[in-house]
There are 2 protein chains.
Amino acid sequence: MAVSKHVRLSDVAAHAGVSIKTVSNVVNGFQHVRPSMRQHVQQAIDELGYRPDASGRTLRTGRTGLVGLAVPDLGNPYFADLAQRLVAEARKYDMRLLIEQTGGDRDEEVAILSGRGARMVDGLIFSPLSVHDEDLRNRKDQIPLVLLGEHEGGDIADRVDIDSVGVAFDAVTHLIEGGRRRIAMLGWVGTNTTHVSRNRRDGYLRALEAAGIARDPELIRVVHPWGRLTGKTAAEQLIASGVEFDAIFCGNDAIALGALTALREKNFNVPGDVAVIGIDNIEESEFCVPSLSTMAIDRQAMAERSFKLLHRRLESPDGETATLATPYALIRRGSSNTAEG
Amino acid sequence: MAVSKHVRLSDVAAHAGVSIKTVSNVVNGFQHVRPSMRQHVQQAIDELGYRPDASGRTLRTGRTGLVGLAVPDLGNPYFADLAQRLVAEARKYDMRLLIEQTGGDRDEEVAILSGRGARMVDGLIFSPLSVHDEDLRNRKDQIPLVLLGEHEGGDIADRVDIDSVGVAFDAVTHLIEGGRRRIAMLGWVGTNTTHVSRNRRDGYLRALEAAGIARDPELIRVVHPWGRLTGKTAAEQLIASGVEFDAIFCGNDAIALGALTALREKNFNVPGDVAVIGIDNIEESEFCVPSLSTMAIDRQAMAERSFKLLHRRLESPDGETATLATPYALIRRGSSNTAEG
DNA sequence: TTGTACGCGTTATCAG
DNA sequence: CTGATAACGCGTACAA
């Protein structure tokens, strides 16, 4: 230890020959300080290299300037991109982001909801995967919460909503409009698990129904967890099962990229024999061969709206909760371009 | 406001009919507390829903339990993967990660080095891009610093080192051993900028020299910033320039993926006509067509060693600085497999 | 416009 | 083994 003690507000005050209050006024950019005094104090601050202490300030004001971001996995390009935009957005509000990874595990998600240990963040932006509505309602922590993703229950918290049913509906409808009738879905995970899987399956089924196409349970394949390798395996099993199919709708782009690999290895022509579409529009989808048609979900809008909601909630903690919808759009690329087939 | 005041240590103490110190002892798992007393206090804690306050604790102990991570860009899969591992590693030390994005901008990097605003982290893990040695030496902030990446100056701080010269040397030597002689490099950014570019160029040149191959300035192409699109453009310009080449060594995988796209569009056969190798081993490199040969840099080891160094420094702030080397290895894949050509 | 004094919630010292 | 009390650094009534 020993070497360098911290420079305190009182040290600056002593050095400048003024009171603590005056230094504090200068540091916090208070209005009514004489310019000459301001300059004098600023010089003392610079000379001593004073920098305000976060904990003292937090203890006094109750604000940390930190926002928690809880996502399943930063290694997932979708969440990495989202995190990047949220970090950038946070700076506009003079805040910083504390990252938590849940692994999509329910216990982990619940632990984070209850604030894991310490009141350290002013708010939490949370992209849940396995957590239940009751967990959300039962949470002990009272800090502002913004939920990202599937809209499930009622007005538990502010939300930035992704209409997965609509997204899936549009994706599958695009395949149908391309003349496909035997459309497989890769990405079912079972009834008891994530909303996102269920919603995307619902959208898939509704699109089939709207087009008067009968559903075939053989075409709905489990993928768990959602990833490139699991997607590839599921596609291989689909092929091996001998079921007839002319298109694959995938729960996300990672699954779709895995499916593309499987199809290529089995010498299927995409999109000639089989059309493929994913969801997320991760960067790679634009560059793979063939390029992957997908549903773009506006992550920049998600980031901006998350902080808009959070900021509003910090200003007035007791207002009504709000839900903001996230724009999405079909991206037509090679994997579903029947003109090329 | 109004609704829920925080539950303090003293509230628990009053509720349990004991002193603050005793409650604190229980909370912090102190040794010498009677089991019956411990249970009694724990019950009071649960009933009141008490949870310790981070700022008060920090103010007293001087520890925040937060570690800053400063990287150029989380959207880059390399840094996203690194961040993911660091977040996971942090939890083993009961710490959390605060993410900062520098954009590789020097001013931004310097600002983060001086602690931007508040003493809020116990240490900083920093992957610099543009910052100079003098900036590192001049930094005001005294918190423990772990530098990630190119080893440049002396013992400014603890380091987790990447031997970029050696990495590039191995990559280019692999191409040479495959019979290539006209090897282009995509990823030069000019003399005044990042160390990583300079070091990888040095490795490239040394490998050529070791094999007795003359260097050709025409083959060294600028790419800035390092990305997929810029890589593709640089490859297109290389092709358009009419220079003869039979291999491309790329500064990183993103550039290489862009180059692969350009080569495919111009109907080059990879690896038949042109072999390609990158650096980083991002996930996509394994799945693209043809799969991309690359140099794997052990990011898991980097994450573990970063925290090892940080922890050591927190324990003994005045010890000698250490530099730990990061393992790396050649990953042979389709893009350089001459047997397939 | 500037100075004084207090409290935010925690941990550490030291006496009992 | 437990209790009283003093810091930690800051912001802010309130007084001047």
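Order of the sequence lines sets the chain letters (A, B, ...), proteins ahead of strands, with each chain counted from 1.
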May I ask you to check whether Gln39(A) and Gln43(A) show a side-chain donor-acceptor distance below 3.5 Å?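 Not at all, the side chains of Gln39(A) and Gln43(A) share no donor-acceptor pair under 3.5 Å.
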Can you see whether Glu108(B) engages Thr102(B) through a side-chain donor-acceptor pair at a distance of less than 3.5 angstrom?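 Their side chains do not contain a donor-acceptor pair, so the 3.5 Å distance test is not met.
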Gap between atoms [atom1] and [atom2], on [X] and [N] respectively (whole Å):
{"X": "Leu59(A)", "N": "dC8(D)", "atom1": "CG", "atom2": "P", "value": "14 Å"}
{"X": "Met120(A)", "N": "dT10(C)", "atom1": "CE", "atom2": "C1'", "value": "14 Å"}
{"X": "His40(B)", "N": "dT2(D)", "atom1": "NE2", "atom2": "P", "value": "11 Å"}
{"X": "Asp11(B)", "N": "dC8(C)", "atom1": "CG", "atom2": "C1'", "value": "13 Å"}
{"X": "Asn28(B)", "N": "dT10(C)", "atom1": "CG", "atom2": "P", "value": "10 Å"}
{"X": "Arg8(A)", "N": "dA7(D)", "atom1": "CZ", "atom2": "C1'", "value": "11 Å"}
{"X": "Asn25(A)", "N": "dC10(D)", "atom1": "CG", "atom2": "P", "value": "14 Å"}

To the side chain of [X], which of [options] is closest?
{"X": "Arg57(A)", "options": "dT11(C), dT10(C), dC10(D)", "answer": "dC10(D)"}
{"X": "Val33(A)", "options": "dC10(D), dT2(D), dT2(C)", "answer": "dT2(C)"}
{"X": "Arg60(A)", "options": "dG9(C), dT11(C), dG7(C)", "answer": "dG7(C)"}

Kindly determine whether Asp122(A) and Thr64(A) satisfy side chain to side chain donor-acceptor pair (under 3.5 Å), including the steps that lead there. CA-CA 6 Å; Asp122(A) 294 339; Thr64(A) 62; 3.0 Å; yes
Polar-atom pairs under 3.5 Å, protein N or O versus N or O of nucleotides 3-5 of chain D: list them with distances, or write none.
| residue | atom | partner | partner atom | Å |
| --- | --- | --- | --- | --- |
| dG3(D) | OP2 | Ser19(B) | N | 3.0 |
| dG3(D) | OP2 | Ser19(B) | OG | 3.2 |
| dG3(D) | OP2 | Thr22(B) | OG1 | 2.4 |

If you look at every strand shown and take non-hydrogen atoms under 4.0 Å, does Leu9(A) touch a base, only sugar-phosphate, or nothing?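 Since only primed, P, OP1 and OP2 atoms lie under 4.0 Å of Leu9(A), the category is sugar-phosphate.
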Just checking Phe30(B): base, sugar-phosphate only, or nothing, at a heavy-atom cut-off of under 4.0 Å?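 No contact at all - Phe30(B) keeps every heavy atom at 4.0 Å or more from the nucleic acid.
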Can you tell me if the side-chain N/O atoms of Arg34(A) get under 4.0 Å from OP1 or OP2 in dT2(C)?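 So the side-chain polar atoms of Arg34(A) do come within 4.0 Å of the phosphate oxygens OP1 or OP2 of dT2(C), strictly under.
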May I ask you to verify if any side-chain N or O of Ser24(B) is less than 4.0 angstrom from the OP1 or OP2 atom of dT10(C)?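 Indeed not, no polar side-chain atom of Ser24(B) lies that close.
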Should the ring pair Tyr93(A) and Phe307(A) be called parallel, tilted or perpendicular, given that the plane angle runs from 0 to 90° and is split at 30 and 60?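 The rings of Tyr93(A) and Phe307(A) lie parallel, inter-plane angle below 30°.
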Among all residues two or more places apart in sequence or in another chain, which pass the salt bridge (Lys or Arg N to Asp or Glu O under 4.0 Å) test with Arg60(B)?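 With neighbours one apart ignored, the set is empty.
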